[in-house]
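In what follows, a structure is listed as structure tokens, so that the remarks can point back to it.
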Amino acid sequence: MAFYSYLLGKEVKLLLPWAEVTGVERVCVGRVTDVLRVRTRTRQRDFSMFLSMDDAMATITQLTDLALRRVLPTAGLRTPHTLIHTALTKRALEDHALTQDVLSLFGLPRTESVCEVRVCALWTPHLRSHTHGTLYATDSYLCFSSREPGVCSLIIPLSEVLSVEKAETSSVLPDPVIVSVRGRRAFQMVGVCDRDTLLEAVTDRLRMLRWKHAIYKGQHSQHTPLISPTPYYTFCYDTDGEADKSQRHVISTRPLISLNQSRMPKHKTAAERRKEALWEERFEEFGRGTHMFRTACLHKLVAMGIPESLRGDLWLTLSDASSELAAHPGYYAQLVERSLGEVTVATDEIERDLHRSLPEHPAFQSPFGIDALRRVLRAYAHHNTHIGYCQSMNILASVLLLYAKEEEAFWLLATVCERMLPDYFNRQVIGAQVDQSVFEELLRERVPDLSQNVPDLSALASVSLSWFLTLFLSALPLASGVCVLDGFFCLGARLIFQLALCVLHTNTHTLCSSSDEGHALMILTSFLEQVRHDEEECACADEAAVPAEHTHITALLKEAYERYGDISARQLERLRCRHRIQVLQSHEDTTKENAIRLVTPEVSLSAEELSDLYDFIKTAHLISVYWGDGVCVSGVCGEGYQLDLPQFESVYAALSPWQEGAHTDTVARRTFTLLDQNQTNLLTFTQIAHWLDTLYREELNVKIKWLYRLHIPPALMDGEDDSSPLKSPLLSTARPLHVDRPNGESGYEEQLKQMLKDLAKEKEKDAEKPLPPMNQREFIQFCKTLSNMFHGDPEESELFQAIAMVTSLLLQIGEAGLRGAALGAGPGPEGDAARADWTVSLAQILASLLTEPALVAFFERPAGLQARLAMATQQQYQQRAGMLELEHA
């Protein structure tokens with residue numbers, strides 16, 4: 001975000017990266033009643049006098065949310081498909097916001113895009129009139145929403161459409177469009193603007209959709225699914241076990257609750273028959289299937305509870321999971337076969353949670369129910385590897401299996417995870433945490449009595465996390481929780497917000513008088529446990545106690561809808577976009593704290609240096625991802641950011657205390673190879689911190705040892721090009737070089753013998769495995785690195801003279817070793833091989849370097865990492881600004 005002002009000769013510039021924004025809100029500051037406040041980790045900035053505050057708020061929030069999705073991989077959120085290859089213009093952001101509103105309102109797949117929007121009127125037979133509203137045409141759907149909320153809405157999958165045609169225009173029916181669907185039904189829309197263009201676009205998409213379905217069915221027509229006409233009830237453990245093992249993976253075609261006939265009443269209750277009659281009347285008047293008319297009466301009917309005989313079918317209809325089921329015949333059976341024998345982290349977690357899913361229910365006390373649940377969860381983990389398996393999915397899947405067939409339960413689970421609750425089911429449960437933050441804001445606005453008496457609502461909001469994750473299934477008795485699931489498939493996630501607000505509003509008085517958070521949690525838990533359904537028996541934990549008053553789930557749902565029914569899908573999407581910024585930045589802070597805490601005991605760097613280092617590495621990652629090739633090959637793990645080789649090269653050039661000039665990239669690549677011990681082609685924050693701790697905090701011998709390791713395998717590859725000027729006849733081992741010392745001293749052999757004796761004693765104390773000796777080629781590369789390190793140093797001449805002395809000494813040592821090996825090998829081919837084996841060891845190099853005070857002073861010279869980080873950080877921002885200028889040039 002950039003700001004520029006030139007007023008009364010004073011120029012003000014502000015450049016704020018979106019990735020550093022932690023919050024955006026509207027506040028009142030003094031007499032200015034409408035101020036847009038943008039917060040970062042260090043300060044906050046207030047902006048006012050916008051032409052349209054709403055547009056500015058929406059644009060800034062969208063851009064921040066999009067930037068965090070793109071460059072912060074902590075949460076694993078994906079960039080919306082509508083903005084992946086699109087220029088970020090205001091029009092593109094408005095179209096994206098419209099798409100998100102439509103997808104959330106109608107519960108459509110997240111891969112859909114809104115193609116056309118038309119104002120029109122839909123003929124509604126139950127009202128005997130045309131209802132004015134808006135038609136939304138997406139890639140695979142035609143959706144209608146009435147102008148007045150709750151009057152009527154309609155979802156028509158294109159897979160159900162037989163034809164779309166125009167009728168004759170009249171004064172009564174201007175520009176009519178007729179949409180014919182399966183089941184001998186048709187929908188009439190009038191007053192459709194630009195009718196011909198709309199019909200042409202819809203017809204093209206309809207033709208393309210039929211072509212895709214025909215190809216899919218042709219590819220999968222030969223596949224024989226593992227579907228059993230009758231469920232497999234028992235398991236027999238014979239000696240061979242082959243028959244039983246094959247039956248274990250046979251897919252059942254009946255809901256689990258239908259298998260427990262002994263525990264079900266033989267005759268339906270009067271209430272159940274009355275519900276079925278009401279639903280049959282509704283089907284006759286409003287239609288049946290996904291394209292039924294959805295009105296306020298439907299919501300009230302769902303709140304009363306769906307009959308068990310219709311529950312599975314209505315869940316598929318209301319959620320539109322039936323469209324995916326019909327479009328992918330045999331796909332679930334293929335997933336079951338592919339997941340057989342698969343062993344992953346997800347499958348291990350599934351096995352641990354299988355027997356924790358409704359263990360009190362008879363359906364999951366037998367192998368048949370457990371095997372069905374295992375197949376559904378493993379198939380979904382194979383179907384969506386981005387999500388895999390997350391806790392609470394087992395509870396949801398087990399309830400779905402009670403009332404839906406196994407394949408239907410799989411598609412219902414996919415619909416909930418991918419459409420209705422996006423970003424909920426991942427390792428960080430980002431979606432649930434965002435909704436929890438949204439719920440806290442709604443709680444302050446919609447339950448003012450509670451917010452006034454309980455200043456800190458975060459504890460109460462945190463209780464709701466399990467409500468949102470399990471859709472109240474873990475908090476309510478099963479029969480009551482299933483009624484909540486009925487409403488969820490009808491209204492979507494807003495029902496969970498409405499019900500949670502209603503629960504806290506009902507308990508406002510007792511919560512205000514609670515002594516602490518634990519007491520408040522007990523109040524809410526006790527209240528939800530007493531919510532009952534018609535078919536439930538009133539059971540008290542303590543028979544001697546006075547029975548508590550029970551709350552009926554139907555009455556609770558009705559009150560929630562009437563009191564908080566004005567909470568719309570559009571409002572929730574706006575709040576989610578704003579609160580997602582805070583949640584993602586909070587995850588960033590937590591990741592940073594964990595990374596620093598893990599590495600602090602292992603290094604000598606201060607906490608401030610580690611913090612600055614983490615921020616620097618993060619910025620290097622952001623620059624590479626956002627302005628690089630657009631491919632995020634790095635990411636975030638539990639130890640902080642991970643950098644690939646190009647990103648690390650920039651970090652090396654900025655932070656290394658030794659500058660090797662043109663040789664810098666070569667040494668950076670060797671450093672990367674040496675640090676990447678697991679060969680993942682990524683370096684963690686911990687590895688980089690250890691590397692800098694060695695260069696800035698360790699003693700001379702450790703630094704020399706690090707340089708030595710950079711010039712032997714695996715850091716130095718055999719095929720690495722060697723264009724060193726040191727590789728010349730002057731340094732050939734066949735012609736030893738002697739350099740006179742300035743003071744005329746000689747006798748390197750005597751000094752070296754004593755140093756080698758001292759080093760041998762220290763080596764005996766060191767339990768580490770000795771490093772292999774360095775051959776001639778590796779030694780030349782080592783000398784080349786040292787030579788480049790001294791360029792530009794204030795004591796450059798002394799250092800070059802000293803390294804020449806050391807090089808001469810080491811060449812003589814290597815030559816002496818070569819002659820000794822040749823004498824010991826004798827004549828012949830083996831002797832020739834021995835004579836070619838010129839080597840020098842780490843101890844010999846270290847001892848030789850210690851003879852030169854200039855070299856000792858160079859490697860023991862103190863270097864300030866924090867000052868280096870500050871200078872490098874400033875250069876990072878200059879580099880970022882330069883990239884912006886190049887991008888917009």
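Note that these values count all heavy atoms, side chains included, but never hydrogens, waters or copies made by symmetry.
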Using every non-hydrogen atom in the two residues, find where [X] and [Y] come nearest and quote the distance to one decimal.
{"X": "L93", "Y": "Q62", "answer": "O-NE2, 2.9 Å"}
{"X": "R195", "Y": "A167", "answer": "NH1-O, 3.0 Å"}
{"X": "C152", "Y": "T295", "answer": "CA-CG2, 4.4 Å"}
{"X": "L511", "Y": "V454", "answer": "O-CG2, 4.3 Å"}
{"X": "E324", "Y": "W411", "answer": "CB-CE3, 3.6 Å"}
{"X": "V482", "Y": "V399", "answer": "CG2-CG1, 4.0 Å"}

Heavy-atom distance under 4.5 Å between the side chains of [X] and [Y], does that happen here?
{"X": "R205", "Y": "S140", "value": "no"}
{"X": "L457", "Y": "S451", "value": "yes"}
{"X": "V302", "Y": "F489", "value": "no"}
{"X": "P125", "Y": "F293", "value": "yes"}
{"X": "L198", "Y": "D194", "value": "no"}
{"X": "C417", "Y": "N384", "value": "no"}
{"X": "N507", "Y": "T510", "value": "yes"}
{"X": "L478", "Y": "L402", "value": "yes"}

task: Tell me, with the steps shown, if W467 and L528 meet side-chain contact (heavy atoms from CB on, under 4.5 Å).
output: CA-CA 11 Å; W467 301 351; L528 291 174; 3.6 Å; yes
Set of ring pair (Phe, Tyr, Trp, His ring centres under 6.0 Å) partners for F488, sequence neighbours left out: none
message: Using the ring pair (Phe, Tyr, Trp, His ring centres under 6.0 Å) criterion, which residues pair with F144? Sequence neighbours excluded.
response: none
- request: For E441, check salt bridge (charged side-chain N to carboxylate O under 4.0 Å, His left out) against everything at least two apart and list the hits.
  value: R578
Could you tell me whether the side chains of [X] and [Y] share a donor-acceptor contact shorter than 3.5 Å?
{"X": "Y564", "Y": "E559", "value": "no"}
{"X": "H579", "Y": "E440", "value": "no"}
{"X": "T290", "Y": "S322", "value": "yes"}

Show me the donor-acceptor pairs within less than 3.5 Å that the side chains of residues 173-184 make with the rest of the protein, sequence neighbours left out.
{"from": "R182", "atom 1": "NH1", "to": "S159", "atom 2": "O", "distance (Å)": "2.3"}

- request: Count the heavy atoms belonging to other residues, nucleotides or ligands that lie under 6.0 Å from CD of Q391, then report whether that count exceeds 12.
  value: no
message: Does atom CD (E445) have a neighbourhood of more than 12 heavy atoms from anything else shown, all under 6.0 Å?
response: yes
Distance-only donor-acceptor hits, side chain of residues 101-110, under 3.5 Å, sequence neighbours excluded:
{"from": "D101", "atom 1": "OD1", "to": "R574", "atom 2": "NH1", "distance (Å)": "3.0"}
{"from": "D101", "atom 1": "OD2", "to": "R574", "atom 2": "NH1", "distance (Å)": "3.3"}
{"from": "D101", "atom 1": "OD2", "to": "R574", "atom 2": "NH2", "distance (Å)": "3.0"}
{"from": "S104", "atom 1": "OG", "to": "E573", "atom 2": "OE2", "distance (Å)": "3.4"}
{"from": "R110", "atom 1": "NE", "to": "R419", "atom 2": "O", "distance (Å)": "3.4"}
{"from": "R110", "atom 1": "NH1", "to": "Q100", "atom 2": "OE1", "distance (Å)": "3.3"}
{"from": "R110", "atom 1": "NH2", "to": "R419", "atom 2": "O", "distance (Å)": "3.3"}

Once you round to the nearest 0.5 Å, how far does [atom1] of [X] lie from [atom2] of [Y]?
{"X": "M420", "Y": "D320", "atom1": "CE", "atom2": "CG", "result": "10.0 Å"}
{"X": "L400", "Y": "L485", "atom1": "CG", "atom2": "CG", "result": "6.0 Å"}
{"X": "L209", "Y": "D139", "atom1": "CG", "atom2": "CG", "result": "10.0 Å"}
{"X": "K275", "Y": "S309", "atom1": "NZ", "atom2": "OG", "result": "10.5 Å"}
{"X": "L318", "Y": "I306", "atom1": "CG", "atom2": "CD1", "result": "5.5 Å"}
{"X": "I523", "Y": "H509", "atom1": "CD1", "atom2": "NE2", "result": "10.0 Å"}

With a 6.0 Å cut-off on ring centres, are [X] and [Y] close enough?
{"X": "Y136", "Y": "Y141", "result": "no"}
{"X": "F410", "Y": "H383", "result": "yes"}
{"X": "W123", "Y": "F187", "result": "no"}

- prompt: What pairs of residues pass the salt bridge (charged side-chain N to carboxylate O under 4.0 Å, His left out) test when at least one of them lies in residues 482-504, not counting sequence neighbours?
  reply: R311-D486
message: For D566, is there an ion pair with R446 - N to carboxylate O distance below 4.0 angstrom?
response: yes
task: Check the pair S392, T470 against side chain to side chain donor-acceptor pair (under 3.5 Å), reporting the backbone distance first and the verdict last.
output: CA-CA 6 Å; S392 76; T470 64; over 6 Å; no
message: Apply salt bridge (Lys or Arg N to Asp or Glu O under 4.0 Å) to residues K166 and D196 and explain how you reach the verdict.
response: CA-CA 8 Å; K166 59 182 179 181; D196 294 338; 3.0 Å; yes
task: Give the ring-plane orientation class for H533 versus H552, where under 30° counts as parallel, over 60° as perpendicular and anything between as tilted.
output: tilted
- request: On the 0 to 90° scale, with breaks at 30° and 60°, tag the F468-F497 ring pair as parallel, tilted or perpendicular.
  value: perpendicular
- prompt: Which residue, L501, L491, L575, forms the side-chain contact (heavy atoms from CB on, under 4.5 Å) with I567?
  reply: L501
message: Walk me through whether Y380 and E418 qualify under side chain to side chain donor-acceptor pair (under 3.5 Å).
response: CA-CA 11 Å; Y380 185 78; E418 299 168 13; 2.9 Å; yes
